[in-house]
Amino acid sequence: AAAVKAATSAGASEEEAWEAAGKAAGAAVVAGGGSASEAAHAATGAALSAGASKDSAAGMAAVVAGDAVVESGGSAEEASEAAVSAVRDAGGSALVEARAAAEHTRLSEEERGRSLAIFRMLDSDGSGVVEPCELSVVVSPKERDQMMAILDTDGNNEVSPEEWLVYIALKKHEKGGAKFKTFLDFLEKRVMRVTADVAGKAAIASGSSVEEVASAAGEAAARAGANTEERAQAAGEAAGAAVIASGGSKEEASKAAAKAAAAEGGSHKVVAGAAGAAVVNGGGSVAEASAAAVKAATSAGASEEEAW
């Protein structure tokens, strides 16, 4: 109460007043030897009494709990867990919980760089923000809506780079080190493949030749960070799709796919995969796709054993 009165007398806003109340209450508990959880509980009560909403009070509790753990020598992981627990105890929303988890989960420079690169790939129109339709390239509509509920912190139906990094930090908190790396790998590859696919389809729609379609897809994949094998795969799949779209047979699509993948420097495995995928996309059976893959691999220089 004294903190609120002092803050108000000093010209503080209502939000600044309840923040002061929450921090003061939490600090008093910590000073008295109380735990992070007890400090968070006190902060929640003080903030609510001073007029804060449930979510605002929960956010304050998360800050108090996390800071208490850090000040006592705890790790970032322990601070993050304490902050999330504080939000749950205070009845905060999933969005507030996500922010709390991200606050004490630090991304390395490499993780931050990779995450922002993925963001730029998602930002297909170069607007500097990611819109719901752009998220749809990597997730289902239901998953997209769930992501937006967490990502769009200011409610403008757009995701800024800063909001995206909060989401990525939340994923690191949820998954832990090894699984988080796998998650980033998945996002990179998924966005790369979709980027190449979109480029290939656009080239097909514009009436480009099979070679031009393959080149467009390969170049798009390369811009998205694809290696030689991934670029070759993208080019091969696009070439096969171009043949099918123009009314060609699955056999012709298979040959075009293999040729395009080989032209991009793909290994016999990638060449075979592209040839087989073209057959399947053309309505062929698994057996036909397998036969096409073996034939393409052999033509690419694979031994009989490597081919099958």
Side-chain angles (χ1 to χ4, degrees), residues 121-122 124 133 135-144 182-183 185-308:
M121 285 189 278
L122 287 170
S124 58
C133 61
L135 280 178
S136 295
V137 304
V138 291
V139 295
S140 68
K142 181 179 180 181
E143 292 170 323
R144 176 202 63 205
T182 300
F183 172 72
D185 290 343
F186 163 78
L187 277 185
E188 287 173 333
K189 290 185 183 298
R190 176 61 179 162
V191 175
M192 179 273 294
R193 288 180 65 85
V194 171
T195 299
D197 184 55
V198 169
K201 288 179 178 178
I204 291 173
S206 69
S208 299
S209 67
V210 172
E211 291 74 17
E212 290 170 334
V213 170
S215 178
E219 289 174 3
R223 288 194 298 272
N227 58 33
T228 300
E229 294 284 75
E230 292 166 339
R231 176 171 178 162
Q233 181 179 359
E237 291 179 356
V243 171
I244 296 298
S246 66
S249 68
K250 55 182 179 288
E251 291 78 16
E252 292 170 328
S254 179
K255 289 178 182 179
K259 180 180 178 180
E264 291 288 350
S267 67
H268 63 79
K269 290 183 179 179
V270 170
V271 171
V279 170
V280 172
N281 292 336
S285 66
V286 173
E288 290 174 319
S290 179
V294 169
K295 183 177 180 180
T298 303
S299 298
S303 66
E304 183 178 342
E305 180 179 354
E306 290 172 326
W308 57 256

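In what follows, every heavy atom counts, from backbone to side chain, and hydrogens, waters and symmetry copies are set aside. Note that this is a predicted model, so its numbers are computed, not measured.
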Whether the side chain of [X] engages the backbone of [Y] through a donor-acceptor N/O pair (distance < 3.5 Å, no angle test) should be reported.
X      : Y      : answer
Ser290 : Val286 : no
Ser254 : Lys250 : no
Glu230 : Asn227 : yes

Taking all non-hydrogen atoms of both residues into account, name the closest pair between [X] and [Y] and its distance.
X      : Y      : value
Ala235 : Ala260 : O-CB, 3.7 Å
Ala257 : Ala278 : CB-CB, 3.9 Å
Ala258 : Ala296 : CB-CB, 4.0 Å
Val243 : Ser249 : CG1-O, 4.0 Å
Val213 : Gly200 : CG1-O, 3.7 Å
Ala221 : Ala196 : CB-CB, 4.0 Å

Any pair with a residue in residues 199-226 that passes salt bridge (Lys or Arg N to Asp or Glu O under 4.0 Å), sequence neighbours left out, goes on the list, sorted by first then second residue, please. Asp197-Lys201
For Ser208, the side chain to side chain donor-acceptor pair (under 3.5 Å) test, sequence neighbours excluded, returns Ser206
In Å and rounded to the nearest 0.5 Å, what is the CG to OG distance from Leu135 to Ser140?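 Output value for this atom pair is 11.0 Å.
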Distance, nearest 0.5 Å, that separates CG of Leu122 from CG of Leu187: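 Separation between the atoms: 7.5 Å.
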State, without any angle test, whether Glu229 and Gln233 hold a side-chain donor-acceptor pair at a distance under 3.5 Å.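 The criterion, which ignores hydrogens and geometry beyond distance, is not satisfied for Gln233 and Glu229.
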What pairs with Glu188 under salt bridge (charged side-chain N to carboxylate O under 4.0 Å, His left out), at least two apart in sequence or on another chain?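 Once residues adjacent in sequence are excluded, the partners of Glu188 under the salt bridge (charged side-chain N to carboxylate O under 4.0 Å, His left out) criterion are Arg114.
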